[in-house]
Novice: 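Below are the structure tokens for one structure; questions will follow.
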Number of protein chains: 2
Amino acid sequence: MDFSNAIRGIVRAWRAQGRRLTAPRRAVLEALARAGCRADARTVYRLARRMYPKTGLVTVYRTLELLVREGWAERWEEGGTARYELAQPHHHHLVCLGCGSVARWERCPIPVRRGTTVRGGFLVTGHRMELLGYCKACRQVRG
Amino acid sequence: MDFSNAIRGIVRAWRAQGRRLTAPRRAVLEALARAGCRADARTVYRLARRMYPKTGLVTVYRTLELLVREGWAERWEEGGTARYELAQPHHHHLVCLGCGSVARWERCPIPVRRGTTVRGGFLVTGHRMELLGYCKACRQVRG
DNA sequence: GTAGCTGCAAAGTATTTGCAATTAA
DNA sequence: TTAATTGCAAATACTTTGCAGCTAC
């Protein structure tokens, strides 16, 4: 996955909004892109510090929340921990009930389109889905 | 929604397993059924105490986790809070991005069946989905 | 009778907030 | 210059755990 386009887009939008492009923010962006699917704040923090060691955990939280609020990132919660990832390109997840691993799945089998209205007036603007099951490795162990 | 069948099933299964049907557990079951979609532990606690006032919050947590572990209930996490609901009958959710309300949606538009294998060996046994958008009330306010 | 269950209080963990210092533009 | 941003430390919120007493079976 190459997220350089996504990052460029975010940087451009932030510039246009008058937001400041600080070193910690750049580090969090880069870290989020490298972290893969559903990284928790601590993971992003650890990666961000490689790029800018003075980055603080609080700034990681604040930057991630900013990205979610503006739609650049998605937030998932699992086991009492928030997890984040870049939203684009659209994708879903395969969640293994055996080992807990989460894999990216770029197909989208959901036929409900944006702009559709369902169940008495609910306007659909998006969706999120996960397929639950067992990954190859766990299936081999369980037989 | 009538959950009396679900509750009867749970009680029967617990009996068969040798689990004890204590007053707090009955209260939590009943409370969960009455609470509707995605009730947090405190809501279940409050309702359970109406039926059995000595119910403790810790027991609520423990009973809910037991139900999730055995597949009777589903756990969702939102905003740092775990939310629970009875899993049967199968349904999805309409989540309003305006007011945060969550409505039950009994249709299932997902064509990926249990038992299917996707993406190099991942065996699908279930799924969860939510449609994001705006409820009728919020659409009227936003115009 | 006895294992399983309960509830209190304490501990653990994740996340948010107040605020003075810092810094990008 | 100056308002946005940062990071520390403290506060908050949710959930889990240790353990002694209780109770369904």
Side-chain angles (χ1 to χ4, degrees), chain A residues 10-32 35 38-46 48-49 51-70 72-84 100, chain B residues 10-32 35 38-70 72-84 100:
Chain A
I10 296 168
V11 168
R12 200 178 309 125
W14 279 357
R15 281 234 164 80
Q17 288 170 289
R19 286 202 191 288
R20 294 192 183 164
L21 283 163
T22 61
R25 277 191 179 162
R26 284 173 181 285
V28 170
L29 274 185
E30 191 60 40
L32 186 60
R38 303 213 196 174
D40 63 10
R42 280 214 120 70
T43 302
V44 175
Y45 175 59
R46 215 172 300 122
R49 285 178 82 104
M51 277 156 275
Y52 183 70
K54 281 189 258 172
T55 310
L57 182 57
V58 177
T59 296
V60 171
Y61 274 109
R62 282 192 281 228
T63 305
L64 291 173
E65 278 311 304
L66 177 63
L67 288 167
V68 170
R69 212 178 321 129
E70 298 186 340
W72 300 106
E74 267 184 52
R75 175 188 172 117
W76 294 82
E77 290 174 57
E78 272 175 64
T81 310
R83 289 164 183 281
Y84 301 85
Chain B
I10 296 168
V11 167
R12 201 179 307 127
W14 279 356
R15 281 231 165 79
Q17 290 170 287
R19 286 202 193 288
R20 295 195 182 160
L21 283 162
T22 61
R25 277 191 181 164
R26 284 173 182 286
V28 170
L29 274 185
E30 192 59 42
L32 187 60
R38 304 213 195 171
D40 64 11
R42 281 216 119 69
T43 302
V44 175
Y45 175 60
R46 216 172 299 122
L47 289 170
R49 285 178 84 102
R50 288 206 205 144
M51 278 156 274
Y52 183 70
K54 282 190 258 174
T55 311
L57 182 57
V58 176
T59 297
V60 171
Y61 275 109
R62 282 193 281 229
T63 306
L64 291 173
E65 277 311 303
L66 177 63
L67 288 166
V68 170
R69 212 177 321 128
E70 297 186 338
W72 300 105
E74 267 184 51
R75 176 188 171 118
W76 294 82
E77 290 174 55
E78 272 176 63
T81 311
R83 289 164 182 282
Y84 301 85

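Numbers restart at 1 for each chain; the letters A, B, ... are given by sequence-line order, proteins then strands. Every heavy atom of this structure was used, including side-chain atoms; hydrogens, water molecules and symmetry mates were not.
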Novice: At less than 4.0 Å, is any side-chain N or O atom of B:Arg25 found next to OP1 or OP2 of C:dT6? Yes or no.
Specialist: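 So the side chain of B:Arg25 is within the cut-off, an N or O lying under 4.0 Å from OP1 or OP2 of C:dT6.
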Novice: Kindly say whether B:Arg20 contributes a backbone atom to a donor-acceptor pair with the side chain of B:Arg25 at under 3.5 angstrom?
Specialist: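 Side chain of B:Arg25 to backbone of B:Arg20: a pair is present.
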Novice: If you assign B:Asp40 and A:Gly18 each to the DNA chain D nucleotide with the nearest heavy atom, which residue ends up on the more 5' nucleotide?
Specialist: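 Taking each residue's closest nucleotide, the earlier one in sequence belongs to A:Gly18.
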Novice: I need the CG-C1' distance between B:Leu57 and D:dT17, as an integer number of Å.
Specialist: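 Roughly 14 Å, once rounded to whole Å.
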Novice: Take the protein atom CZ of B:Arg69 and the nucleotide atom C1' of D:dT16, then report the distance between them rounded to whole Å.
Specialist: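 Going from B:Arg69 (CZ) to D:dT16 (C1'), I get 13 Å.
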Novice: Using atom CD of B:Gln17 as one end and atom P of C:dA3 as the other, report the distance to the nearest whole Å.
Specialist: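 Checked: the CD to P distance equals 19 Å.
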Novice: Would you say A:Thr22 reaches D:dT6's phosphate, i.e. side-chain N/O to OP1/OP2 under 4.0 Å?
Specialist: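 Looking at the OP1 and OP2 atoms of D:dT6, one of them is under 4.0 Å from a side-chain N or O of A:Thr22.
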Novice: In whole Å, I'd like the distance from the CG atom of B:Leu64 to the C1' atom of C:dT6.
Specialist: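 Answer to the nearest Å: 15 Å.
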Novice: For the backbone of A:Thr59 and the side chain of A:Thr63, can you confirm whether one donor and one acceptor N or O come within less than 3.5 Å of each other?
Specialist: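 Yes, A:Thr63 side chain to A:Thr59 backbone: donor-acceptor pair under 3.5 Å.
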Novice: Could you tell me the separation between the OH atom of A:Tyr45 and the P atom of D:dC8, rounded to a whole number of Å?
Specialist: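 The distance from OH of A:Tyr45 to P of D:dC8 comes to 7 Å, rounded to the nearest Å.
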Novice: Please report, rounded to the nearest Å, how far the C1' atom of D:dT15 is from the CD atom of B:Glu78.
Specialist: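 Nearest whole value for this atom pair: 17 Å.
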Novice: Please tell me if B:Tyr61 has a side-chain N or O lying less than 4.0 Å from either OP1 or OP2 of D:dT15.
Specialist: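 The answer is yes; a side-chain N or O of B:Tyr61 sits under 4.0 Å from OP1 or OP2.
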Novice: On a plain distance test, is the side chain of A:Arg20 in donor-acceptor contact with the base of C:dT23 below 3.5 Å?
Specialist: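 Counting by modelled atom types and ignoring angles, a donor-acceptor contact under 3.5 Å is found here.
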Novice: From CZ of B:Arg75 over to P of D:dC14, roughly how many Å is that when rounded to an integer?
Specialist: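 Those two atoms, CZ and P, are 13 Å apart.
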Novice: Between the side-chain atoms of B:Arg62 and the base atoms of C:dG7, is any donor-acceptor pair under 3.5 Å?
Specialist: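 It does, because a donor-acceptor pair links the side chain of B:Arg62 to the base of C:dG7 below 3.5 Å.
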Novice: Counting distance alone, no hydrogens or angles: does the base of C:dA14 have a donor or acceptor under 3.5 Å from a partner atom on the side chain of A:Arg42?
Specialist: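 Side chain to base: no pair present.
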Novice: Give the rounded distance in Å between these two atoms: CZ of A:Arg26 and C1' of D:dT6.
Specialist: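 Result: 16 Å.
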Novice: If you check the A:Leu21 side chain, which of C:dA14, C:dA25, D:dC14 turns out closest?
Specialist: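 Given the options C:dA14, C:dA25, D:dC14, the side chain of A:Leu21 is closest to C:dA25.
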Novice: Indicate the atoms forming the closest heavy-atom contact of B:Leu32 with B:Ala73, along with that distance.
Specialist: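 Looking at all heavy atoms of both residues, the shortest contact is CD2-CB, 4.3 Å.
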Novice: Return the minimal non-hydrogen interatomic distance between B:Ala39 and B:Val44, and the atom names on each side.
Specialist: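 For B:Ala39 and B:Val44, the tightest heavy-atom pair comes out as CB-CG2, 4.0 Å.
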Novice: Kindly point out which of C:dA25, D:dC25, C:dG7 is positioned nearest to the side chain of B:Lys54?
Specialist: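 The answer is C:dG7, which lies nearest to the side chain.
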Novice: Taking the side chain of B:Ala41 as its heavy atoms from C-beta onward, which of C:dG7, D:dT15, D:dG7 lies nearest to it?
Specialist: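 The nucleotide sitting nearest to the side chain is D:dT15.
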Novice: How close do B:Leu57 and B:Ala41 get, counting heavy atoms only, and between which atoms?
Specialist: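 Nearest heavy atoms, B:Leu57 then B:Ala41: CD1-O, 4.2 Å.
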Novice: Starting at the 5' end of DNA chain D, which residue's closest nucleotide do you reach first, A:Val58 or B:Tyr84?
Specialist: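 Comparing both residues, the 5'-ward one is A:Val58.
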